[in-house]
There are 2 protein chains.
Amino acid sequence: MKKYLDKLKKNNLKITSKRVAILELLERSGEALSPEDIRNELAAKFEKVSYPSVYKNLEDMSRIGVLAKIARPDRRLYYALCRAREDKHHHHIICSKCGKVGEVEECDLFRRKVINGYRITSHFLQLEGICSDCGK
Amino acid sequence: MKKYLDKLKKNNLKITSKRVAILELLERSGEALSPEDIRNELAAKFEKVSYPSVYKNLEDMSRIGVLAKIARPDRRLYYALCRAREDKHHHHIICSKCGKVGEVEECDLFRRKVINGYRITSHFLQLEGICSDCGK
DNA sequence: CCTTAATTAGAAATGATTTCTATTTATACC
DNA sequence: GGTATAAATAGAAATCATTTCTAATTAAGG
Ligand SMILES: [Mn+2]
Ligand SMILES: [Mn+2]
Ligand SMILES: [Zn+2]
Ligand SMILES: [Zn+2]
């Protein structure tokens, strides 16, 4: 947890009770959650939680790399805690049964400069599968 | 073009004037277009074009692999003609300047069965870059 | 303790996408 | 070519996740 809070500070994001609660929730659950999921969970802990601030917090924290944006077939927003070493290129896999998110370091694309005549500026890889718990 | 129409038939999608026009437009342009882009273009050719049928056609034709769904940062829907051999695993790259879409066959992930304990069921890779024309 | 800018809640707006229904059309079969 | 059938379509309306706006609150640094 300290690791994440330090990163907030380093990026001039204040340590607010809402942000801490979001990080704790995502750490505890291990799953990718929607803004709505998160607001509902926080509603149990706080008297008031607004959607705009949940949305903004999730967006801000994913922008600085503390959270990862997870793409799902319903095209809604999902966020998970990003647990990998920040300097190691990686992507994420989500379990389609339970939503648990794992880190995937098997990607060499960041080495490639040009593919099919295009100079690559970015790439996004999202995997889906069945985690070891759900696969038993 | 015949290749695409055959694939429609094979999948029990009727050859309608709107579908042919969408395919011709995407083939001519080479870019990923939004449903709105496409409706606007078709509006010049047909007296009436409804959004629901544009949306449904794009979705149906991408479901059978004639079109490719392209992910962009604005999270809206975009579609492009899929030009690769249908039996060859591949992904797509879009030029962030002009929107032109290219086929990318450099992906070995379909060989991997398990990563980080997850049994992989699907993966989505979307690249972005600068095409050879725009890079001059 | 003060100052200041960031954060937040609440209410309202937004707009891309979907749903619904009646009409039209492509296609298979005779 | 004519007919039957299911698919495709237009139009209007609804949906609803996300964003915008504004005034009040709060974290952090001096
Ligand atoms: Mn990560
Ligand atoms: Mn393709
Ligand atoms: Zn990568
Ligand atoms: Zn692949």
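Here is how names work: the chains are called A, B, and so on, in the same order as the sequence lines, proteins then strands, and each is numbered from 1.
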Check every atom of [options] against the side chain of [X] and return the nucleotide holding the closest atom.
X: B:Pro52; options: C:dT7, D:dA12, D:dT20; value: D:dA12
X: B:Tyr55; options: D:dT9, C:dT8, C:dT17; value: C:dT17
X: A:Lys56; options: C:dT7, C:dA9, D:dA6; value: C:dT7
X: A:Ile15; options: C:dT17, C:dT8, D:dA28; value: D:dA28
X: B:Leu77; options: D:dT9, C:dT17, D:dA27; value: C:dT17
X: A:Lys48; options: D:dT19, C:dA9, D:dA8; value: C:dA9
X: B:Arg76; options: C:dT8, C:dA5, C:dA16; value: C:dA16

With heavy atoms under 4.0 Å as the rule, sort B:Arg75 into base, sugar-phosphate or nothing. sugar-phosphate
Under a 4.0 Å N-O cut-off, is there an ion pair linking [X] with [Y]?
X: B:Lys88; Y: B:Glu103; result: no
X: B:Asp60; Y: B:Arg63; result: yes
X: B:Asp108; Y: B:Arg111; result: yes

Nearest-0.5 Å distance, CD1 of residue B:Ile130 to CZ of residue A:Arg119: 5.5 Å
Within this structure, what is the CG-to-P distance between B:Leu8 and D:dA7, rounded to whole angstrom? 15 Å
